[in-house]
There are 2 protein chains.
Amino acid sequence: MEARHLRYALALAEHQHFGRAAASLGIAQPPLSTQIAALEREIGERLFDRTARGVFPTAAGEAFLVRARGALTEMSRARVDAGRAARGETGRLRLGFIGSALLDPLPGVIGRFRRTHPDVRLTLQELECPSAALLAGELDVAVGRGSPRGAGAEDLVTVPIGADHLIAVVSTAHPFAGRPSVGIGQLAQEPLVVSADAASTYLRPLFNPDPTVLDTAAIARDIHTIAGLAACCAGVGLGPNRMRMIARKDIWFCDVEPRFRLPDLRMSVRVTDSSPVLAAFLSVVRQNCADVGARLDDLLARHPAAAGR
Amino acid sequence: MEARHLRYALALAEHQHFGRAAASLGIAQPPLSTQIAALEREIGERLFDRTARGVFPTAAGEAFLVRARGALTEMSRARVDAGRAARGETGRLRLGFIGSALLDPLPGVIGRFRRTHPDVRLTLQELECPSAALLAGELDVAVGRGSPRGAGAEDLVTVPIGADHLIAVVSTAHPFAGRPSVGIGQLAQEPLVVSADAASTYLRPLFNPDPTVLDTAAIARDIHTIAGLAACCAGVGLGPNRMRMIARKDIWFCDVEPRFRLPDLRMSVRVTDSSPVLAAFLSVVRQNCADVGARLDDLLARHPAAAGR
DNA sequence: TTGCTTTACGTCCAGCGTAAACATG
DNA sequence: CATGTTTACGCTGGACGTAAAGCAA
């Protein structure tokens, strides 16, 4: 049984007339007759009653036609669904990110992606180390800080998706409140509140030649906790400029002088991942984050394993 | 797109290898390759990734395969459903009957039919005049008494499906209680309870030469009411022998001497009705009611309009 | 007779098989 | 080089068209 037989049977049922049905199919009457006969022979039952007043489906024919319609519908859906999947309009994307990414680039990117790709199942997960989950195959996109390390890292491409610099946050009751900026020297006199990796790595050069002040800093898991501890007058919080998005009335933000650049927020994906959903997501990222497109294309072109793209 | 393309794509996805998939399909490798290529060209998307480690569906391919499976399932169901419908295993049968038919032939027939044809939607309806509803096209089978009249009656075939004779029913407090039989002469002395058509037609010869005793009889719509009125000592109920199936403790049944045969219970169907469900039902009736088969065959053979059977 | 379906038969395309060429690790 | 896929090409089955033959009203 071929799809042709189904189409012919449906046309015949619709027109109730071999001649008109054949015309609607763009073929002559006799072939239609032989094809219907062949179908009936294969099914083993008469599907149509040929009467003087027209051609009508038998009980078997009625039952057959219902399924025939279903089968042809599935076939047209197969075509449509394949196209949608190829364009990344359906499917699944697992995105892992560090919490602070939710403040700046992610809301715009994710919001736009959800609007333009409403039928993609988007899994969002806040993680301490998204790139590890990406390497483990639990994610499709990781947004974190620094470059991924570990086995398989050579199969990842990583692009910066947003630069940022250090600012300070204090309670409105703190002497710094109301000041647009503070100097690094002043900071070194204060008890500090920073994130764990900031304390251990990228903030240390800031306090050269004596980075030991960081060893006594309070440690917070995310920037909301930094702001909260600062609000408690537990110390001066240090974090990225995008922390200003936090709208608490009991805190005050100061620029840090001189401006100190923080490690870029970076997005990683597997180069071996040829998922159209990922491609669609990257395309949205390109539109939202300046300069990402060219860097991404460059990296992908250079990468030896980027065959399937 | 033809069903062949779906079968080939599914085989390829299953075996992840052109050669083995082709072998499983009973064709050589190159035709499979060309057919898959043709399918991909028609869909407009690559459906399979050909890698060194095997052939794997792309995202578009995955989406396509889901629908392809669905379409082929529908096609095999089309075949199965057509066969089942042709054998009368599915479909609908509307049966109308007079209440008293529920006592004798219908329980056996309907019970057997439901067991052997559980997927047929059987509509059962108690009616005063089932044959009228059959003529009106509201029924497929009518079980009633006497022969159908009216426009279109020549397109019906009617066979007797059970003979019966008259018995009397009285209260256990009635003088007749305990007697195996009563004579017709004794009945004429008593107040009677009969059905409407019995009073007006087929019971009148019983009381010749003076059928006027029936004019004062109480009229009941069904045999349960006859028995109930008899139980109230409202009179002597007259009805068919199958009335003995009624299991009330406050009534007593007597044969009527001499035995008086009642009009046969008859089953009517439209000769123009070629529904397989009806054929299956008639086949059950044949098995349950002796002699019906031969009579039915005879009537159908003689009928000029019985072409489609 | 008329209108419609089926049968008969010739034609041509398309799907298949064989053989060779081409990619890829 | 070995394995597997694609391209090339001849062949054949079957789907189509035309013409003629049933068939029912």
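Remember, it's a predicted structure, so these values are computed and weren't measured experimentally. Throughout, a chain's letter reflects where its sequence line sits, starting with A, and its residues are numbered from 1.
Note: CZ (A/Arg4) to P (C/dG15) measures 10 Å, nearest angstrom. Atom NE2 of A/His5 is separated from atom C1' of D/dC16 by 13 Å (rounded to the nearest Å). If you measure from atom CZ of A/Phe18 to atom P of D/dC16, you get 14 Å, rounded to the nearest angstrom. Residue B/Arg46 contributes atom CZ, which lies 12 Å from atom P of D/dT5 at whole-angstrom precision. One can place CZ of A/Arg7 at 15 Å from C1' of D/dC16, the figure rounded to the nearest angstrom. Between B/Asp49 atom CG and C/dA23 atom P there is a gap of 18 Å when expressed in whole angstrom units. Distance CG (A/Leu32) to P (D/dA15): 13 Å, rounded to an integer number of Å. Rounded to an integer number of Å, the gap from OH of A/Tyr8 to C1' of D/dA15 is 8 Å.
With respect to B/Arg4 and B/Glu2, no salt bridge is recorded, no charged nitrogen being found less than 4.0 Å from a carboxylate O. With salt bridges taken as basic N to acidic carboxylate O contacts below 4.0 Å, one links B/Glu42 and A/Arg79.
For the OP1/OP2 pair of D/dT5 and a distance below 4.0 Å, the side-chain nitrogens and oxygens of B/Ser33 include no atom meeting the criterion. Under 4.0 angstrom from either OP1 or OP2 of D/dT6 there lies at least one side-chain N or O belonging to B/Arg50. At the phosphate of C/dG15, OP1 or OP2 sits under 4.0 Å from a side-chain N or O atom of B/Gln35.
For B/Gln29, whose side chain is taken as the heavy atoms from C-beta onward, the closest listed nucleotide among D/dA15, C/dG17, D/dT5 is D/dT5. The listed nucleotides are C/dG17, D/dG17, C/dT7; the one nearest the side chain of A/Thr34 is C/dT7. Comparing C/dT5, D/dG17, C/dC16 by their closest approach to the side chain of B/Ile27 singles out C/dC16. Closest approach to the A/Val55 side chain among C/dT5, C/dC16, D/dT5 is made by C/dT5 (side chain taken as heavy atoms from C-beta onward). Closest to the side chain of A/His17, from the set C/dT6, D/dT5, C/dC4, is C/dC4.
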What verdict does the salt bridge (Lys or Arg N to Asp or Glu O under 4.0 Å) test give for B/Asp155 and B/Arg270, after you've listed the backbone C-alpha separation in whole Å, the side-chain angles of each residue and the deciding distance to 0.1 Å? CA-CA 6 Å; B/Asp155 281 340; B/Arg270 282 186 295 277; over 6 Å; no
Pair B/Phe113-B/Val277, side chain to side chain contact (heavy atoms under 4.5 Å, CB included): steps then yes or no: CA-CA 10 Å; B/Phe113 185 75; B/Val277 178; 4.0 Å; yes
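Nucleic acid contact class of A/Ala52 (heavy atoms, under 4.0 Å, all strands): sugar-phosphate only. Among the heavy atoms of the strands, none lies under 4.0 Å from A/Gly54.
Counting only N and O atoms by type, the side chains of B/Arg94 and B/Gln125 include no donor and acceptor under 3.5 Å apart.
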